[in-house]
Amino acid sequence: RMKLDDAVAQLSAAKLRRGKQLYTALRELEAALQAQNNEIRGDILDTIYKDLAAVAPQHYDRMSRRLMEGVVRASLVASPATAPRYLAQNIAKLSVQAENSKSFATPNVLWLVAVRWSCLLMELGAAHFGEDLWKPWAIQLAQLLSSGLAQNASLSLQTRKSLLRIYKLQPSVLSRFCEAVDVPEPTLGVVFLLDTVLEGAAAASAQSGAVDKIKAPAVEYFAKVIFSSKTPWSPEILSNTQFILRSVNHETFSNVLLPAISRSLKRTPEVALPALSFVLQSVTIDVSRYSKGVVEELTPLLCATSEDKRMAAVQCVGSLTKNASDAAAVQTAVLYVIEVLAGKSSTKVTQADQRLAVWQALQRLAADGQYTAAARAGLGEAAVAALPKVLERENIEPAVLLSAQVLGAFAALLAGPPPAALADLWRTALTDAKARPAARLGHLLGMVQVFEGNRVPHLATANLAAPLVKLVDGASKQNSGQASCEAVLAALLLLRLTAADSRGAPPEVAKAKFWDALHHSGTLNDRFFQFAVNLGPHPGILVAFAELMRLVFVQHAAQVSGKHQPRMRIWFNLLVAILLHSDYRVRAAGQTACRTLLQEAPATVGTQVHAQALAALAAKLAQLETEAETRPVNTIVYRAFLTLATPSPHVPAAALARQMLLPAHHPFVAVSRSSPFLQVLGQLKVDPASFFAQHAEELACDVFSVLAGGNGDSNAAATTTTSSS
């Protein structure tokens, strides 16, 4: 007790000072409280809380805040019967001081201290307080938060977590809290508070009348605060409102959110668009019935002069389809967009950028929503019937390419084979010498979407195999990027056909020499890669190329390991270029296909695949070492390296780990992580200690062979990067 008295006296002496003396006094007081075995006198507790309240406005930095809360926590634990009453009295005094203070900074600090102490009071007193104390303290905390948040104070993440813990400890607090919340003016802090209450109700599965009463006001406050702002909200702020949006029903969506969204799209579209996208993704109701109305509101923004606005509007259309399950309702929106493209709407779309944005929005509407098979087919039939006439009139080359892909995306929704008119359109695009090259390439990309899985045999029934064979055979003679891309897509479709039914493939496919044509030195080279990359943000051709590699290894393993092995270096160089590309969408597609390739390569070429891939990566890194201006980001190189470390059922994990040792220490790889090789061992599920114990001699030979300028044994061929490894 003497130590406690001394500590209290020391705090009283140091409360007008700052820095180490104050920190020391707070630490000693916390230690003295933790050492108490009996209840502490009320006058001592009252003195402690008053001194802390006096210190807070002048010295409320991060360290002192943490130490003060430690003192309050220790007092509640040491004296559970006496401390809560005196702490509650001082919290009430702090809130009164905050309301009466004329300084701008002081009331915020006093309010924050009162909130944090109230949270500690309720959180730590769960085991000691009865119902008669819970109720007034819950009301006091709710009123305290309401008054402060209504004055634009912020609800910190720490306070939010404390409230959730309180709700979990005492679910009955929720209803009393909801009854006591009274906020005359909506602010962002109030929105966060209501979202926290609804999150606590969801976690406790509490469905009381008091909780239900705040759902509608919460949505109204969200609409007023979020959609009336003059600056865009960050994703972090929007993510703190998701429980309010989960409580939205059709009544509040149509009567509260939609009017606010409509006004904001006209006044401040840069604020409304990201918020609308978040709303459409977060609500739990089916938004199909609002599809046409939302798309009509977004159409002028799809034609905006600002690229950011156009892309944000396209993103909103994509978010709309993710929460839609009524294909018939979405179909009305699709037909409306087609009318806009056809010039039958009051909104005129004439510029190239505008038409591209509208086509991209239509492509998002073709994404597979939560539809039944019959509903998907109906949506596909309506779009496929209406689109060809629009495609004929499209004269902007980038839009021609994209429009043909959109037609394929809707055709992929059909349940059976493509209609005869669509097959004729594809056949004409592939065989007619007067057909536009962009249209032919776009139709091939669309066909890749259509003819996959159980729809691949429809290629033969639609009589499309012969034109595809001619495309592949003619690629080696033209020696252009366009012809190479067409050959890759055509060969992929043919390999899918032979993989699905090799015996049922048409004779011209079985006899075709498209394998040799595809491997012609002029077909797959840097010209092909640059052409495919320059087509735009959609990495369809590069994705098709990666899948083509996988099918080639599966179906033609003997040829890959035989006479065509030297030519495969071109393929792997292109694959590594995809993995190191600056566009994350291209990299993601390449990583997925590369992992599949390494996992599904046959046993006869399994080791060669990893070795060739690592050799291509090593050669590319050696080239980039001398080109400082084109040096890739280290994290991109690291992810490409980990992708090539994908385990294979036909390659022993230890052998693959041995191949990866030196590349893991290349400067471009190792600079982004402290121990990338240990990451490889973890990915391969190899124990590091046993691996080094069993293979120490072989690893040393590999390392010294490279240092000496040799190639080592067969397993070290892929590790001969540069001496810097």
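FYI, side chains are in, hydrogens and waters are out, and symmetry mates aren't considered; it's all heavy atoms of this structure. This structure is a prediction, so every number in the text was calculated from the model and none was measured.
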Heavy atoms of other groups near Glu397 CD, more than 12 under 6.0 Å: no
Atom of Leu391, atom of Ala404 and distance for their closest heavy-atom approach: CD2-CA, 4.0 Å
Backbone of Val283 reached by a side-chain donor or acceptor of Asn323 within 3.5 Å: yes
Backbone N/O of Thr231 and side chain of Ser229: donor-acceptor pair under 3.5 Å: yes
side-chain contact (heavy atoms from CB on, under 4.5 Å) between Val248 and Thr284, intermediate numbers included: CA-CA 7 Å; Val248 170; Thr284 56; over 6 Å; no
Shortest non-hydrogen contact between Cys485 and Leu441, atoms and distance: CB-CD1, 4.0 Å
Check against side-chain hydrogen bond (donor to acceptor under 3.5 Å, both in side chains), Gln281 and Ser319: CA-CA 6 Å; Gln281 293 182 59; Ser319 301; 3.1 Å; yes
Flag for Gln405-Trp359: side-chain donor and acceptor within less than 3.5 Å: no
Nearest atoms (heavy-atom pairs only) where Ala435 meets Ala429: CB-O, 3.7 Å
Approximate separation, where rounding is to 0.5 Å, of Leu464 CG and His458 NE2: 12.0 Å
Rounded distance [0.5 Å steps], CD1 in Ile226 versus OH in Tyr221: 14.5 Å
Closest approach of Leu422 to Ala411 (non-hydrogen atoms, all atoms of both residues): CD2-CB, 3.6 Å
Derivation and outcome, side-chain hydrogen bond (donor to acceptor under 3.5 Å, both in side chains), residues Asp308 and Ser306: CA-CA 5 Å; Asp308 292 339; Ser306 168; 4.7 Å; no
Flag side-chain contact, heavy atom, 4.5 Å: Leu365 against Val337: yes
Under 3.5 Å donor-acceptor, Ser264 side chain and Ala260 backbone: no
Donor-acceptor under 3.5 Å (Asp195 side chain, Ile244 main chain): yes
Sub-4.5 Å side-chain heavy-atom contact between Leu444 and Leu471: yes
Min side-chain heavy-atom separation Leu414-Glu381 under 4.5 Å: yes
Derivation and outcome, side-chain contact (heavy atoms from CB on, under 4.5 Å), residues Val390 and Ser403: CA-CA 9 Å; Val390 183; Ser403 62; over 6 Å; no
Working for side-chain contact (heavy atoms from CB on, under 4.5 Å), residues Gln354 and Lys348: CA-CA 9 Å; Gln354 295 174 348; Lys348 302 303 178 184; over 6 Å; no
N/O donor-acceptor pair under 3.5 Å between Gln315 side chain and Ser277 backbone: no
Nearest non-hydrogen partners of Cys303 and Thr347, listed with the distance: SG-CG2, 4.0 Å
Backbone N/O of Ala357 and side chain of Arg310: donor-acceptor pair under 3.5 Å: no
Donor-acceptor contact present, side-chain Thr643 to main-chain Arg639, <3.5 Å: yes
Row check, Phe451 ring normal vs Arg455 NZ/CZ: under 6.0 Å, within 45°: no
Closest heavy-atom pair and its distance - Val330, Ala324: CG2-CB, 3.9 Å
Side chain to side chain, Thr196 and Phe243, heavy atoms closer than 4.5 Å: no
Within-4.5 Å side-chain heavy-atom neighbours: Lys224 and Val191: no
Exercise: do Glu297 and Ser262 side chains pair donor with acceptor under 3.5 Å: yes
Flag if over 12 foreign heavy atoms under 6.0 Å of CD, Glu251: no
Parallel, tilted or perpendicular: ring planes of Phe227 versus Phe222, cut at 30 and 60 degrees: perpendicular
Side-chain touch Leu579/Ile636, heavy atoms, less than 4.5 angstrom: no
Gap separating the CG atom of Leu401 from the CG atom of Leu445, nearest 0.5 angstrom: 6.5 Å
Spacing of CG belonging to Leu425 relative to NE2 belonging to His443, to within rounding of 0.5 Å: 4.5 Å
Approximate separation, where rounding is to 0.5 Å, of Leu341 CG and Leu387 CG: 8.5 Å
Check: Leu238 main-chain N/O paired with Thr241 side-chain donor or acceptor under 3.5 Å: yes
Polar side chain donor-acceptor pair, Glu339 to Ser345, under 3.5 angstrom: no
Greater than 12 external heavy atoms within 6.0 Å of Lys230's NZ: no
Thr646/Cys594 under side-chain contact (heavy atoms from CB on, under 4.5 Å): CA gap, chis, key distance, verdict: CA-CA 9 Å; Thr646 300; Cys594 184; over 6 Å; no
Check: Leu276 and Leu298 side chains under 4.5 Å, non-hydrogen atoms: yes
Sidechain-backbone polar pair: Arg427 side chain, Ala462 backbone, donor-acceptor under 3.5 Å: yes
Polar side chain donor-acceptor pair, Gln351 to Arg355, under 3.5 angstrom: no
Interatomic spacing from CG in Asp326 to CD in Gln331 - rounded to 0.5 Å: 10.0 Å
Heavy-atom side-chain contact between Val448 and Leu493 under 4.5 Å: yes
